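Each chain gets a letter, A, B and so on, in the order the sequences are listed, and its residues count up from 1. All values derive from a computational prediction rather than experimental measurement.
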There are 2 protein chains.
Amino acid sequence: MKKEKATIHDIAEKLNVTASTVSRALNDNPRISEATKKKVLKVAKQLNYQPNHIASALRSGKSRLIGVIVPTANRNFFSSVIRGIEEIATNLNYRIVISQSYDEFEKEVQNVEALLNAQVDGVIASIGKTTENIEHFEKIMKKGIPLVLFDRVSNDLEVSQVVIDDFLGAYQTVDHLIKNGAKRIIHFSSSQRINIYKERKRGYEEALKDNGIEVDPALILYSNMQLEDGRKLIEDLLKKDVKFDAVFSASDYAIMGAMQVLKEHGYKIPQQIKLAGFGNEPFTSFTEPTITTVDQKSIPMGKITAETFFELLNDKKTDPMAKKTILKPELIIRGSSQKN
Amino acid sequence: MKKEKATIHDIAEKLNVTASTVSRALNDNPRISEATKKKVLKVAKQLNYQPNHIASALRSGKSRLIGVIVPTANRNFFSSVIRGIEEIATNLNYRIVISQSYDEFEKEVQNVEALLNAQVDGVIASIGKTTENIEHFEKIMKKGIPLVLFDRVSNDLEVSQVVIDDFLGAYQTVDHLIKNGAKRIIHFSSSQRINIYKERKRGYEEALKDNGIEVDPALILYSNMQLEDGRKLIEDLLKKDVKFDAVFSASDYAIMGAMQVLKEHGYKIPQQIKLAGFGNEPFTSFTEPTITTVDQKSIPMGKITAETFFELLNDKKTDPMAKKTILKPELIIRGSSQKN
DNA sequence: GAATTTAAGACAATCGATTGCATAATAATA
DNA sequence: TATTATTATGCAATCGATTGTCTTAAATTC
């Protein structure tokens, strides 16, 4: 009953060959005859041999581990990307190691260190909100292992990345709001150091211009874009009696807060004020009215990120070009933005 | 510029000691003098030494990796538990390896195999819906490494587990519905092979009995409890003209579907029909009315699961008692269930 | 049939850290 | 001072798989 795990040496002994032969046989090396391979495979099964990845990793330098860094694992977007990554990785017999930065620069740096120490074969990450410099990511690249960024990326890093076309998503949304009668559109944004917010704002501005509406900086409000922020911003606007007929938020949470306050004040959505968010969080289809938003293609993004990662991993060329994949977002038109 | 990673041998050479001394010094072994330890630490920093976890893992048999198996990473509950686990694990300098079973038995078995091959130091898991037998989990236990189950557990396994008191959560919810005037309460449930659903049903039944209401099996409906299931079940009831004044669903998604259909048919919630779900999914606080539900304490559950795991890991006793932690759920009373 | 390839394995070093046992040097004890 | 304990390291094996080089025997070529 003693289940001592079998090693290649046990197999070797049983067949009167050496461990190297067994190793090569198991790896389908052409230097080993078919007959021997068959025998090895048979004994391996018989002994219930399970390869020791750690030993293999030590010698070969490949751990079959991918480090994944996200700000937080329990936001729908990130957990969906993780889901996508995991699916691809598992199929290729790789494992993913998750770590969270909590949007803290310090933790992000620590996470990179920890993952490198764990000898991951590469890293997939989405940059935290407070990340100031990117030396830790450069360290990964210097090691010569693949690094792929998704969604929250950095322009300072010559590295493969997967994003959605935030500009386009915002542009289409604002254009849609205008086509449905909106003229004075508030925009909720956040730190312009973060690409996605900069791009969404740009999309907002361009859509206004293209529709002959002047951009009024006073209508662009910056916050952390949580639900509470959305509430406060709208309450402020109402207090100051600022006139507006629509809100385009770069975050679904903030637009949710906005909608709550507007409804509390008796405004009719979408008749008096139209709303649109960004992210297609699950709750946006459960509210009343349902919220128009932009789908970020999170699961496909995870899959494509993983695929990009494996391309890099298998690409033996010395300096693989940094490849930028831009996914097309999808405007999901729902009740909060319809004409009357 | 060549950044060859330093090993303990490099440190040893520089100090004219052996690698074993360096290893012991780094591990703060009492057999090494303070003076030497200081010197080693200094040179280690100077060479930017980073320990190779793989090498250490091979020799010591400890990978500092925890395998985590969940049905899906992108459901709020699971991603929150993952978040909690990660937080604790990271603090203890452990890494977590995520894999998803997609509620498929086959995948779950494969995941266990893969994690064991990756030499994880233990496994934390929530069992899939279709899991028929538990041999794969027994295999983990036979290996003598910790296994902790959370939420979806198995009574057949003598293993530490962390759950919420599903019975209590359901009981309190149904009691609350009755106290608010409900008399004929529908219950949405799912496979009775899964503990949590069995317990929730039991809580429902007990609460009815304790309030002098007879349990009517016709009012208990079984499904997969997705949103669509909730819709269908309610549509059926309305078609059949079944009378009821409340619905208690073991899933928030199903109750959401129910609410949609009821509102579409002109029913007033909660005046005519009261609703309550289970899980405290984020969307339940954004609907109209907001949905009464039971909070499952997902992040604490993750943390406690991880803590239980580490207790087991550090417990050198041969046969640590399987420890069952039962968290108290929290009934979150919202608009969908209030008296008139 | 001698010379040269080729095929199939064996041998042994290696990856980097850990650890049981041995040893040298020093301190404590008789 | 001789003897025993103690302290601080060194030595070498080990974890399990991988891989460059070498060897042997069979196959091919002329």
**Prompt:** 5'-most contact on DNA chain D: A/Ile8 or B/Val17, nearest heavy atom basis?
**Reply:** B/Val17

**Pairs involving residues 144-153 of chain B, ordered by first then second residue, that meet salt bridge (charged side-chain N to carboxylate O under 4.0 Å, His left out) (sequence neighbours left out)** = B/Asp103-B/Arg152

**Item:** Of B/Leu58 and A/Pro30, the one whose closest DNA chain C nucleotide lies more 5'
**Value:** A/Pro30

**Message:** Under 4.0 Å from a heavy atom of chain B: give me the 5'-most and 3'-most nucleotides of DNA chain D that qualify.
**Reply:** D/dA8 to D/dG16

**Asked** When you check the side-chain N and O atoms of B/Arg193 and B/Asn195, is any donor under 3.5 Å from an acceptor?
**Response** no

**Prompt:** Quantified as the angle between the terminal helix axes (five pairs each), what is the overall bend of the helix from C/dG1-D/dC30 to C/dA30-D/dT1 to 10 degrees?
**Reply:** 40°

**Message:** Enumerate the salt bridge (charged side-chain N to carboxylate O under 4.0 Å, His left out) contacts for residues 15-27 of chain A, please, sequence neighbours excluded, ordered by first and then second residue.
**Reply:** none

**Request:** For B/Gln46, look at atom CD and say whether over 12 heavy atoms of other residues, nucleotides or ligands are found less than 6.0 Å away.
**Result:** yes

**Message:** Go through it in stages, so that I can follow the logic: the residues are B/Asn74 and A/Ile299, the test is side chain to side chain contact (heavy atoms under 4.5 Å, CB included), and I'd like the CA-CA distance, side-chain angles, deciding distance and then a yes or no.
**Reply:** CA-CA 9 Å; B/Asn74 69 336; A/Ile299 295 186; 3.9 Å; yes

**Request:** Please report the shortest heavy-atom distance between B/Tyr49 and B/Ala6, naming the atom on each side.
**Result:** CD1-O, 3.3 Å

**Neighbour count >12 (heavy atoms, 6.0 Å) for atom NZ, B/Lys14** = no

**Item:** Atom pair distance, as rounded to whole Å: CG in A/Leu15 and P in C/dA8
**Value:** 17 Å

**Prompt:** Ion pair present between B/Glu34 and B/Lys37, side-chain N to carboxylate O less than 4.0 angstrom?
**Reply:** yes

**Asked** What's the NE2-C1' distance between A/His9 and C/dA12, to the nearest Å?
**Response** 11 Å

**Asked** How does protein reach along nucleotides 19-24 of chain C, written 5' to 3' as B (base within reach of a heavy atom under 4.0 Å), S (only sugar-phosphate), or - (no contact)?
**Response** BBB---

**Message:** Please give me the minimum heavy-atom distance between A/Ser126 and A/Phe78, naming the atom from each residue.
**Reply:** OG-CE2, 3.6 Å

**Asked** What's the spacing between B/Ile134 CD1 and B/Asn155 CG if we round to 0.5 Å?
**Response** 9.5 Å

**Request:** Looking at every strand, decide which applies to A/Asn29 at a 4.0 Å heavy-atom threshold: base, sugar-phosphate, or nothing.
**Result:** nothing

**Item:** Set of residues satisfying side chain to side chain contact (heavy atoms under 4.5 Å, CB included) with respect to A/Leu15, sequence neighbours excluded
**Value:** A/Ile11, A/Val17, A/Lys39, A/Val40, A/Val43

